[in-house]
Amino acid sequence: MQEETVEFKMDVSDESIKREAMKIVWMFSGVTLVDIKEKGILKVKGKFDKIDMGSKLHEKDKSVDIINPNGNRGQYRIPGYTTVYNYLTTPKIQEIVVFKFNVLDEKIKRDVMEVIWEFSGITSVELKRDHQLEVKGGEFNKIAMSTKLKRIDESVSLIINDTRTKKLGFSLYDLYR
C-alpha cells in the first residue's frame, strides 16, 4: 500500500463530531496527517484503507463521502468559496507546537491523539520524522495539553513556533521549574 491523500466530505463544524472523527482517523495505523482547515473537508494522508476509514466515519456521520480519493483538487469546490471561508474562519495567528517523544508506537499515538483532539481550535496534526507530532491551530492551552501528554509519556518535550515569534525550544522540565 502506498501513501496517498484522501479527502472526505464531512460536517466537522461541531466540536464533538470533530473530536470523534479525529479519534476514528488516528485509530488507523499509517496515518501521518489530518487536516480540517477547510469547511466540510477532512484531509487524511498516509497508508491506510480509505474505504474502511470512510465506513467508520460514516457510522458517526451518515453524510460522509470520499470526495477526492487522490488528493487532487477537483471540480466539486466552488471557486473562491473556500478561500473566503478560510479567511473568515482560520485563526489569524496560527500556532505550531511540536511534541517530541522517545517512542511513538501505535498505542501511544492513539492515546496522544485522544488528548490532542480534546482541545478546541486544533486544525491539523501531522506525524513528523524522529517521533515528532506537529500540532497546528488557533489559540489553545499548550501547558494543559503538555501536562496531559506527560501522563502518557514522561519523556515528551515541547517546541513552540507561532507566526509571531522565532522558534523557541525548551523541554517540559523548563516549564515546571
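Only this structure's heavy atoms are used, side chains among them; waters, hydrogens and symmetry mates stay out.
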(message) Any side-chain to backbone donor/acceptor pair from D153 onto S155? Under 3.5 Å, distance only.
(response) yes
(request) Tell me whether I66 is reachable from V34 by hopping between hydrophobic residues (I, L, V, M, F, W, Y) whose side-chain heavy atoms are closer than 4.5 Å. (result) yes
(message) Just so I know, are the side chains of I122 and W117 near enough to count as touching, which here means a heavy-atom distance under 4.5 Å?
(response) yes
(request) Flag the pair L133 / F101 as yes when at least one side-chain heavy-atom distance between them is below 4.5 Å, and no otherwise. (result) yes
(request) Kindly indicate, with the supporting measurements, whether the criterion side-chain contact (heavy atoms from CB on, under 4.5 Å) is fulfilled by N102 and H131. (result) CA-CA 7 Å; N102 280 346; H131 307 293; over 6 Å; no
(message) So for atom NZ, which belongs to K56, do other residues, nucleotides or ligands contribute more than 12 heavy atoms lying within a distance under 6.0 Å?
(response) no
(message) If I take atom CG from residue L57 and atom CZ from residue F8, how far apart are they, to the nearest 0.5 angstrom?
(response) 5.5 Å
(request) Calculate, to the nearest 0.5 Å, the distance between atoms CD1 and CD belonging to I116 and E114 respectively. (result) 11.5 Å
(request) Show the numbers, then the answer: is there a side-chain contact (heavy atoms from CB on, under 4.5 Å) between T123 and D35? (result) CA-CA 6 Å; T123 58; D35 185 276; 5.5 Å; no
(message) With a sphere of 6.0 Å drawn around NZ of K23, does it hold more than 12 non-hydrogen atoms of other residues, nucleotides or ligands?
(response) yes
(request) Taking the side chain as every heavy atom from C-beta outward, state whether I36 and K43 have any atom pair closer than 4.5 Å. (result) no
(message) To the closest 0.5 Å, what do you measure between OG (S55) and CG (D49)?
(response) 8.0 Å
(message) According to salt bridge (charged side-chain N to carboxylate O under 4.0 Å, His left out), who are the partners of K109, at least two apart in sequence or on a separate chain?
(response) E106
(message) Can you see whether F140 has K142 sitting over its ring - NZ or CZ less than 6.0 Å from the centre and within 45° of the normal?
(response) yes
(message) Do K50 and E4 have side chains that approach each other closer than 4.5 Å (heavy atoms only, starting at C-beta)?
(response) yes
(message) Minimum heavy-atom separation for Q132 and K100, please, with both atom names.
(response) NE2-CD, 3.7 Å
(message) Assigning hydrophobic clusters by single linkage (Ile, Leu, Val, Met, Phe, Trp, Tyr; side-chain heavy-atom cutoff under 4.5 Å), is V25 placed with M27?
(response) no
(request) Could you pull out all residues at least two apart from R151 that satisfy side chain to side chain contact (heavy atoms under 4.5 Å, CB included)? (result) T147, K148
(request) Answer yes or no: is there a side-chain heavy-atom contact under 4.5 Å between V31 and L127? (result) no
(message) Looking at every heavy atom in both S63 and D61, which two are closest together, and how far apart are they?
(response) OG-OD1, 2.9 Å
(message) Using 0.5 Å steps for rounding, measure from the CE atom of M22 to the CD atom of E15.
(response) 10.0 Å
(request) Please check if M113 and F119 belong to a single hydrophobic cluster, counting links between Ile, Leu, Val, Met, Phe, Trp and Tyr side chain heavy atoms closer than 4.5 Å. (result) yes
(message) For L33 and S124: C-alpha separation, side-chain torsions, deciding distance, then whether side-chain contact (heavy atoms from CB on, under 4.5 Å) applies.
(response) CA-CA 7 Å; L33 168 74; S124 177; 3.6 Å; yes
(request) Identify whether I17 and F28 are in the same connected component of the hydrophobic contact network (ILVMFWY, side-chain heavy atoms under 4.5 Å). (result) yes
(request) Taking T32 for its side chain and K45 for its backbone only, find out whether a donor-acceptor pair lies under 3.5 Å. (result) yes
(request) Would you mind reporting whether V156 and S146 have side-chain heavy atoms less than 4.5 Å apart? (result) no
(message) For a 4.5 angstrom cut-off between non-hydrogen side-chain atoms, does V97 reach L158?
(response) yes
(request) Evaluate the criterion side-chain contact (heavy atoms from CB on, under 4.5 Å) for residue pair E134 and F99; output intermediate values, then yes/no. (result) CA-CA 7 Å; E134 182 179 85; F99 294 100; over 6 Å; no
(request) Indicate yes or no: does K128 engage E126 in a salt bridge with an N to O separation below 4.0 Å. (result) yes
(message) Under a 4.0 Å threshold between the charged nitrogen and the carboxylate oxygen, would K18 count as salt-bridged to E20?
(response) no
(request) Can you sort out the partners of D105 under side chain to side chain contact (heavy atoms under 4.5 Å, CB included), two or more places apart, ordered by chain and number? (result) V103, K107, I108
(message) I'd like to check I67 versus I41 (side-chain heavy atoms, cut-off strictly below 4.5 Å). Are they in contact?
(response) yes
